[in-house]
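Residue numbers start from 1 in every chain, and the chains themselves are labelled A, B, ... in the order their sequence lines are given, proteins ahead of strands.
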Number of protein chains: 2
Amino acid sequence: MVSGPVSASKEKLRLWIRLLRASRTIEGELRERLSTEFDTTLPRFDVMAALYRVPDGMLMSDLSRFLLVSNGNVTGIVDRLVSEGLVQRGQRNGDRRTSIVQLTKAGKDTFRTMAAAHERWVGELLAGVTKSDAKQLTSMLKAFRSNWEGRE
Amino acid sequence: MVSGPVSASKEKLRLWIRLLRASRTIEGELRERLSTEFDTTLPRFDVMAALYRVPDGMLMSDLSRFLLVSNGNVTGIVDRLVSEGLVQRGQRNGDRRTSIVQLTKAGKDTFRTMAAAHERWVGELLAGVTKSDAKQLTSMLKAFRSNWEGRE
DNA sequence: ATATGAAGCTTTATACTTAAAGGGTATATC
DNA sequence: GATATACCCTTTAAGTATAAAGCTTCATAT
């Protein structure tokens, strides 16, 4: 077979490229809408979304692990959210190393509004994906993650 | 239905989150390996990959459209690639506005080496995805893109 | 020829991102 | 209770990213 079956790695490369392009397209749209509609950014939204799930707050290091971004990165984003009055820092026990971060009242209120719009946007952006495809894709990607997570 | 079936938009939100996390995980790994193995970065690799497909080169604006990044961004990345001797700028016809960018001989050679490793890495990272899943995911994502592309 | 507008790229200001280094704090071990 | 070690966060330097403004050049129409 001359131009025979595509190798497994080629198939995976193709998958990766499509995954990346889909991601970037969606990210770009969300970024733009967050900017025009709410005068905020995707990283800030992501931090707020992470915090909203956890009323008691998170450590900076938890936040960076959860969001899959570097430690130092989170510092700057939280700084800005604090100066906007959406997030506050505190301490846990008496431990002066730690910095527990949580949404303020204003932060929660703001987030609820944004989250509703955000969910609607994602729904629109993925309008072409059927519900059963969505479920299937989700579980395939979940399999990827859990397969990967044990490593490094 | 009170806590009935998960709404379509929730299902899509979940999909988006998984998509993003998979993307970030893979991107992070590739970034790190490109850095340690070849002392380069993912954006530079992406530019080189785009150029490698097109021996005659691309306009800066084509490059930014293709890579889904902003115009000004490409300028800086290409600047660095030029200073590394991997890429060169030229002009098309007599048009002094345009800047045709293409890989140099050294750029092509370097890219071939990196691309082989890159394909191998992606294969490893997606080791848990079966070939038929890969095909199916790819075509679903393709459907998303073509559904989206006509817009804006 | 000249004005108008569009095309193509770079520059600017601001923000995000990483890796690595740095500094303070807690915990374990002796 | 001194020392070592690990933990947690911030700072730094370099690079990437965007949007918007700016510049030059080309094409078109007058």
_Taking the nucleotide of DNA chain C with the nearest heavy atom to each, does A/Asp95 or A/Leu42 sit closer to the 5' end?_
A/Leu42

*Taking for each residue the nucleotide of DNA chain C with the nearest heavy atom, is it B/Ser61 or A/Arg97 whose nucleotide lies nearer the 5' end?*
B/Ser61

Using a 4.0 Å heavy-atom cut-off, does [X] contact any base of the nucleic acid, only the sugar-phosphate backbone, or nothing at all?
{"X": "B/Leu67", "value": "nothing"}
{"X": "B/Arg89", "value": "sugar-phosphate"}
{"X": "A/Thr41", "value": "sugar-phosphate"}
{"X": "A/Arg80", "value": "sugar-phosphate"}
{"X": "B/Thr98", "value": "sugar-phosphate"}
{"X": "B/Arg24", "value": "nothing"}

Any side-chain N or O of [X] less than 4.0 Å from the OP1 or OP2 oxygen of [N]?
{"X": "B/Ser99", "N": "C/dC9", "result": "no"}
{"X": "B/Arg96", "N": "D/dT24", "result": "no"}
{"X": "A/Asn73", "N": "C/dT18", "result": "yes"}

*Give a yes or no on whether the ring-centroid distance for A/Phe45 and A/Phe111 is below 6.0 angstrom.*
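Yes, ring centres under 6.0 Å apart.
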
*Ignoring the backbone of B/Pro43, work out which of C/dA15, D/dT16, D/dC8 is nearest its side chain.*
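Closest of the options to the side chain of B/Pro43: D/dT16.
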
_Let's see if you can work this out: which of C/dG8, C/dT11, D/dA17 has an atom nearest to the side-chain heavy atoms of B/Thr75?_
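The answer is C/dT11.
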
_Shortest non-hydrogen separation from B/Arg92 to B/Thr98 and the atoms involved_ =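 Minimum heavy-atom separation between B/Arg92 and B/Thr98: N-OG1, 3.5 Å.
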
_Sidechain N-carboxylate O distance under 4.0 Å for A/Arg33, A/Glu29_ =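 Answer for the salt bridge query: yes.
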
*Would you say the side chain of B/Ile17 lies within less than 4.5 Å of the side chain of B/Arg14, judging by non-hydrogen atoms?*
no

Using whole Å, report how far [atom1] of [X] lies from [atom2] of [N].
{"X": "B/Leu63", "N": "D/dA17", "atom1": "CG", "atom2": "C1'", "answer": "15 Å"}
{"X": "B/Asp79", "N": "D/dA17", "atom1": "CG", "atom2": "P", "answer": "14 Å"}
{"X": "A/Asp62", "N": "D/dC7", "atom1": "CG", "atom2": "P", "answer": "13 Å"}

In residues 47-57 of chain A, what donor-acceptor pairs under 3.5 Å come from side-chain atoms, sequence neighbours left out?
unit_1  : atom_1 : unit_2   : atom_2 : d
A/Tyr52 : OH     : A/Arg112 : NH1    : 2.8
A/Arg53 : NE     : A/Ala50  : O      : 3.0
A/Arg53 : NH2    : A/Ala50  : O      : 3.4

*So which one's nearest nucleotide on DNA chain D is more toward 5', B/Gly76 or B/Gly94?*
B/Gly76

